[in-house]
Structure formats: C-alpha cells, structure tokens
Amino acid sequence: LGPNPYVRMVKLPYGDKLCKISTRPFQAFRWRAGPGGRWKETIVEASVAMEKNICQACLVDMTYGVPVGVRDSLLEADTQTGQLAPVHSDANTAFYWQQKDALAV
C-alpha cells in the first residue's frame, strides 16, 4: 500500500452505484493503493459478496482464488450431480435477494 500505513477511503453516497450482480443500489467506497496507485472501488454490495464468498473489488473467489465467472461456470457444470442451478432471470434474482434480506432481519 505504499510507505503510508493508512489508506484513505472515500465513501460514495448511497445509491450512487448499482451492484454488478444483484443490480441493487449499495454503499460504495473508493481508495488508492499508494500515492501513485490507481483508484479502486467496490463494485458488489457487501451482502452479495458474503453470500458468494467473493472480493467486493476484484470479484475473485476467496477460497479458490479464481474469478467468480470461472467458479460459477464450473459449479453450473456440476448441476448434473443434484446441486441447485444459479438464478438467471432478473425477477428471480430480485426475489432471491429480497428473501435473503428478509431472513437477515
């Protein structure tokens, strides 16, 4: 992160960004890694990242270290063994995350 041990994070207004997976508004953050680094930001809301076990900024799986698209395609290929298939339509995705929020409260 550079010579400074502290990172300045900028909190964007709520709803300024939409989640790339659930398309819901969320609280986004931006930061710069070092004085000459590029700006990085969260692109997925926290509840989606925790549910899918991925990084909010780079969309890499936290367990296997591969991009989430690769992991999901491998898990989708595993649906013949009896596991649940991922949600594909917008209405189903919205309903799924609405139910997850209701259970969390």
Side-chain angles (χ1 to χ4, degrees):
L1 293 176
N4 189 353
Y6 303 104
V7 176
R8 186 183 75 172
M9 295 186 78
V10 178
K11 185 176 182 180
L12 299 174
Y14 179 80
D16 193 42
K17 293 267 185 192
L18 294 178
C19 177
K20 301 293 182 190
I21 295 176
S22 68
T23 65
R24 295 189 310 174
F26 73 104
Q27 182 71 59
F29 295 92
R30 289 179 54 158
W31 67 94
R32 192 183 318 195
R38 64 180 181 85
W39 283 98
K40 297 179 182 183
E41 64 183 49
T42 55
I43 55 177
V44 177
E45 70 175 308
S47 62
V48 173
M50 285 186 274
E51 171 72 23
K52 291 187 166 275
N53 195 27
I54 58 175
C55 175
Q56 283 185 276
C58 61
L59 296 181
V60 169
D61 182 77
M62 301 298 268
T63 304
Y64 303 112
V66 297
V68 70
V70 173
R71 184 203 63 185
D72 287 346
S73 65
L74 290 173
L75 290 177
E76 187 174 334
D78 195 33
T79 56
Q80 290 91 13
T81 62
Q83 293 191 3
L84 294 175
V87 180
H88 291 291
S89 72
D90 292 335
N92 285 342
T93 303
F95 179 75
Y96 176 79
W97 290 110
Q98 182 182 16
Q99 293 300 314
K100 292 297 278 186
D101 288 342
L103 289 174
V105 173

Fill in: Distance in Å, K17 NZ paired with T42 OG1, rounded so as to fall on 0.5 Å steps
8.5 Å

Nearest atoms (heavy-atom pairs only) where [X] meets [Y]:
X	Y	answer
P25	G15	CB-CA, 3.6 Å
V44	Q56	O-NE2, 2.8 Å
P13	Q27	C-NE2, 4.1 Å

Practice prompt. Give a yes or no on whether F29 atom CZ has more than 12 heavy-atom contacts from other residues, nucleotides or ligands under 6.0 Å away.
Written response: yes

4.5 Å side-chain heavy-atom contact, [X] and [Y]:
X	Y	value
R24	S47	yes
R71	I54	yes
F26	V48	no

Worksheet entry | Sidechain-backbone polar pair: E41 side chain, A57 backbone, donor-acceptor under 3.5 Å | no

Discussion item. Could you see if M50 belongs to whatever hydrophobic cluster contains M62? Use Ile, Leu, Val, Met, Phe, Trp, Tyr and a side-chain cutoff under 4.5 Å.
Written reply: no

Discussion item. Please determine whether residues W31 and V60 belong to a single hydrophobic cluster, defined as Ile, Leu, Val, Met, Phe, Trp and Tyr linked transitively by side-chain heavy-atom distances below 4.5 Å.
Written reply: no

Worksheet item: Going through the checks in order, is the side-chain contact (heavy atoms from CB on, under 4.5 Å) test met by V70 and Y64?
Response: CA-CA 11 Å; V70 173; Y64 303 112; over 6 Å; no

Discussion item. According to salt bridge (charged side-chain N to carboxylate O under 4.0 Å, His left out), who are the partners of R30, at least two apart in sequence or on a separate chain?
Written reply: none

